[in-house]
Structures are given as structure tokens and as C-alpha cells.
Amino acid sequence: MAGASVAALVAGSLTMANTSTAAPTPTADTLSSAAAGDLATSLAADLKGDTAGAYYDAKARNLVINVVDEAAAEQVREAGAVAKVVSHTKTALEAAKMELNASSVPGTSRAVDPVTNKVVVTADSTVKGAELRKLKKAVAAQDGKAVLKRTAGKFSPLIAGGDPIYSSGGRCSLGFNVVKDGAPHFLTAGHCTELAGTSWSDSQGGAEIGQAVDWTFPGADHALVKYTADVPHPSEVNLYNGSTQQITGAREAVVGEQVQRSGSTTQLHDGSVQGLDVSVSYPQGTVDGLIQTDVCAEPGDSGGSLFAGSDALGLTSGGSGNCSSGGQTFFQPVTDALAVYGAQIG
């Protein structure tokens with residue numbers, strides 16, 4: 001299958017006789033988004049409850065760590081990141097998100113936003129009347145820890161019926177080629193298999209190239225398809241300009257980093273990561289743990305690749321809007337799918 005595969009102040013004190021000069025304030029390191037993710041993970045482990053999330057400042061190429069006290073802020077600065085003292089702990093925001101999940105309605109999403117230090121509840125155009133009033137009441141009850149936003153369009157899995165794959169019930173996109181137990185497989189969205197079918201071809205009405213062997217939707221949104229035909233399965237993503245991007249591994253996304261998405265309907269688009277561990281309530285049920293972005297997508301892009309350079313990040317799940325008006329798109333983290341299926345990028 002061609003191209004198959006599928007974000008010092010130097011302490012300015014007056015120098016007086018017989019006094020010591022203050023040590024310079026550590027400056028933030030310039031980091032790639034991947035390095036920022038590694039540092040964020042390390043600092044979260046060290047600081048534990050003193051952190052309140054992190055995000056990548058793509059313009060400055062700095063990692064920003066939210067903390068709740070000055071002692072933690074100093075540790076963050078010493079590690080080479082930017083410290084931002086905020087009001088709400090990560091634990092408090094996650095508890096607020098769980099409460100909001102319990103009162104969720106279809107057409108909504110809930111995400112802990114480290115940039116604003118709040119839970120952002122987004123409602124699509126279908127949320128009206130009594131449901132909207134219920135949502136506003138639930139957000140207000142969080143006493144400043146949550147905010148409500150609206151988005152045009154409707155949150156839905158992006159199935160129309162990277163590279164196109166076809167089943168009897170519609171078209172989706174291949175995510176990433178992987179290896180499980182020494183055999184070639186590929187990842188796509190779980191709702192593609194749940195809603196469209198288990199047998200997949202690389203052309204409409206064509207011969208089968210793969211059979212789904214496991215999938216989850218809702219709850220999560222990933223599927224594992226085993227190749228049943230002898231077709232090429234390189235570890236790369238179609239860039240739809242005659243070239244491909246080699247994929248050498250998978251990692252977790254970082255809020256604020258720049259990313260790209262490849263899919264069979266709208267081809268290649270880019271944008272940034274807006275949230276992690278996002279819960280989205282589709283008409284078919286709620287999916288948790290998603291990556292939220294401002295990258296556009298349309299029906300048929302489902303299952304396609306979200307990536308940053310040679311790193312696989314996610315599988316296109318669903319969203320609102322389109323590539324004319326924009327919107328939000330959600331992705332299943334690839335690392336979760338690989339862990340569930342015991343597979344590796346390859």
C-alpha cells in the first residue's frame with residue numbers, strides 16, 4: 001500500500017562594599033517538544049502533588065510547569081523549565097473534571113487546561129435548552145475551577161463510511177504500522193471497526209488486506225488490524241505531496257507542541273496540542289484519555305496519524321467542524337494502544 005501508514009534576570013542589586021552578590025536566577029533551557037515531555041515527566045515524579053500540569057511554549061521553546069508554591073518553583077527553575085505559580089492543584093482540577101464527567105451530556109468534552117489552570121468544558125451546537133442549563137449549573141458549581149466554551153458543529157466520530165482503508169460500512173484511515181508477536185499489523189480507530197466492519201481493504205470493493213483482531217469503542221478508541229495479504233507496510237506516514245515521514249517510535253503528546261495529522265479525506269494538516277486526558281461524549285458514548293488539538297479533520301480521516309517529526313502520537317478519533325471553518329479534533333494516544341495490544345511501532 002503506497003505510503004501506508006498511516007507540538008536572567010541577573011539579580012540586579014547594588015554592589016555595596018563588604019556584601020555578597022546574589023546568585024543569578026537560573027534561565028529556562030531551550031527544548032524540543034519531545035525533550036520537554038521527558039522533562040515534564042521527570043519533574044512531575046519529583047514534585048508529585050506540588051505540580052499542577054505542564055505545557056510547551058512553542059514560540060520560546062520552553063517547558064512551563066505549573067506549581068502551587070515558591071519552593072517547587074525554585075526546583076523547576078533549577079531543572080531548566082519555567083515555573084508558573086497557580087491557584088489550583090492538578091489533583092483539584094482532576095477531581096473537578098471527574099465531577100463534570102458524571103453530569104456530562106452528549107456533545108461535550110472536558111479537559112484540564114494547564115495554560116488557564118482550569119477545566120475547560122466545551123459544548124457543541126447540539127447542546128441546547130435544559131441540557132445547556134444543566135451544563136452551566138455544573139460548571140458554576142466548581143467555584144472558579146471550570147469554564148464553559150462553545151464550538152460550532154457536532155462532536156462525532158469522523159467516519160465516512162493517513163491512507164484510505166475501506167470496509168463494508170465505510171472508509172477510514174490507517175494510523176501506524178506496528179508489529180505484534182513478530183507479525184505485521186496496523187492501528188486505526190476503534191469506532192471504525194465498531195461502526196464500519198472488521199475486514200479492511202486498500203481500495204473500495206477491493207480484496208481484503210487486513211482483519212481486525214481487537215478493538216475498543218467507546219471508553220477508548222483504538223483497533224488492531226492484522227495484515228492478511230502480502231502488501232508493503234513501511235513505518236511511515238503519507239504526507240500527500242509525493243513524500244513520506246518515517247516513524248521511528250511513539251511517545252506521549254505535550255500541550256502546546258506543534259503537530260501534524262494525515263488522513264484520507266483532507267490529507268495533511270497541522271496545528272497544536274490543546275489538552276491531554278480529555279473526555280469526549282459522542283452520541284455512541286464517552287471516550288476518555290484523548291488528546292485535544294486545533295488540527296482540522298473531516299469524516300473519513302478517522303484512524304489517521306497524529307505525529308510530530310518521527311514520533312507517533314495519536315489516532316484520529318472525532319471532533320467538530322471541518323477543514324474550511326476549523327474546529328477541534330480528538331486523538332487516541334498511540335502509547336495507550338501499543339500498551340493494550342502489546343505491539344511496537346515498526
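- By the side chain to side chain contact (heavy atoms under 4.5 Å, CB included) test, Ala223 pairs with Thr188, Thr193, Trp215, sequence neighbours left out.
- For the residue pair Ser279/Asp288, the side-chain donor-acceptor check at 3.5 Å is satisfied.
- Without hydrogens or angle criteria, Thr51 side chain to Ala44 main chain gives no donor-acceptor distance under 3.5 Å.
- Residue-environment remark: CD (Gln284) exceeds the threshold of 12 foreign heavy atoms within 6.0 Å.
- Smallest separation of non-hydrogen atoms from Phe155 and Pro283: O-CD, 3.6 Å.
- Side chains of His88 and Asn117: a donor-acceptor N/O pair is absent below 3.5 angstrom, by distance only.
- With sequence neighbours excluded, no residue forms a salt bridge (charged side-chain N to carboxylate O under 4.0 Å, His left out) with Glu78.
- Although no hydrogens or angles enter the test, the distance criterion places a donor-acceptor pair under 3.5 Å between the side chain of Arg150 and the main chain of Asp124.
- Panel note: side chain Lys180, backbone Leu224; no donor-acceptor pair is recorded below 3.5 Å.
- Side-chain atoms of Glu298 and Thr266 include no donor-acceptor pair closer than 3.5 Å.
- Each of Val287 and Met98 belongs to its own hydrophobic cluster when Ile, Leu, Val, Met, Phe, Trp and Tyr are linked at side-chain heavy-atom distances under 4.5 angstrom.
- Around CD of Gln204, the count of heavy atoms belonging to other residues, nucleotides or ligands within 6.0 Å does not exceed 12.
- Evaluation of the side chain to side chain contact (heavy atoms under 4.5 Å, CB included) rule for Gln274 yields Gln292, Asp294, Gln328 as partners, not counting sequence neighbours.
- Applying the ring-ring contact (aromatic ring centres under 6.0 Å, His included) test to Tyr282 and every residue at least two apart in sequence or in another chain returns nothing.
- Panel note: side chain Thr265, backbone Pro299; a donor-acceptor pair is recorded below 3.5 Å.
- Shown here are the salt bridge (charged side-chain N to carboxylate O under 4.0 Å, His left out) partners of Arg110, two or more places apart in sequence or in another chain: there are none.
- If you check the side chains of Ser104 and Asn101, you find no donor sitting under 3.5 Å from an acceptor.
- Side chain of Asp113 to backbone of Gly275: no donor-acceptor contact under 3.5 angstrom is found.
- A salt bridge does not link Lys134 to Glu131: none of the charged side-chain nitrogens sits closer than 4.0 Å to a carboxylate oxygen.
- Counting Ile, Leu, Val, Met, Phe, Trp and Tyr side chains that sit under 4.5 Å apart, directly or through other members, Leu43 shares a hydrophobic cluster with Leu31, Leu39, Leu47, Leu63, Ile65, Val67, Val76, Val85.
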query: Given Asp301 and His269, is the side chain to side chain contact (heavy atoms under 4.5 Å, CB included) satisfied, shown in steps?
result: CA-CA 11 Å; Asp301 287 327; His269 286 272; over 6 Å; no
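- Under a 3.5 Å cut-off, the side chain of Lys84 and the backbone N or O of Val115 do form a donor-acceptor pair.
- Judged by distance alone, the side chain of Thr293 and the main-chain N or O of Val295 form a donor-acceptor pair under 3.5 Å.
- With sequence neighbours left out, Ala140 forms a side chain to side chain contact (heavy atoms under 4.5 Å, CB included) with no residue at all.
- Hydrophobic cluster membership of Val105, counting Ile, Leu, Val, Met, Phe, Trp and Tyr whose side-chain heavy atoms lie under 4.5 Å apart directly or via other members: Leu93, Leu100, Val112, Val119, Val121, Val127, Leu132, Leu135, Val139, Leu148.
- The salt bridge (Lys or Arg N to Asp or Glu O under 4.0 Å) analysis of residues 302-318, with sequence neighbours excluded, yields the pairs Arg251-Asp311.
- Heavy atoms of other residues, nucleotides or ligands lying less than 6.0 angstrom from CG of Asp230 number 12 at most.
- Side-chain atoms of Gln246 and Ser235 form no donor-acceptor pair, as typed in the model, at a separation below 3.5 Å.
- The number of heavy atoms from other shown groups lying within 6.0 Å of NZ (Lys145) is above 12.
- Not counting sequence neighbours, the partners of Tyr341 by the ring-ring contact (aromatic ring centres under 6.0 Å, His included) test are His222.
- Residues near Val179 contribute nothing to a hydrophobic cluster around it, because no ILVMFWY side-chain heavy atom sits closer than 4.5 Å to its side chain.
- In the displayed structure, Asp143 atom CG is contacted under 6.0 Å by at most 12 heavy atoms of other residues, nucleotides or ligands.
- Remark: Ser264 pairs with Pro164, Arg171, Ser173, Tyr240 by the side chain to side chain contact (heavy atoms under 4.5 Å, CB included) rule, at least two apart or across chains.
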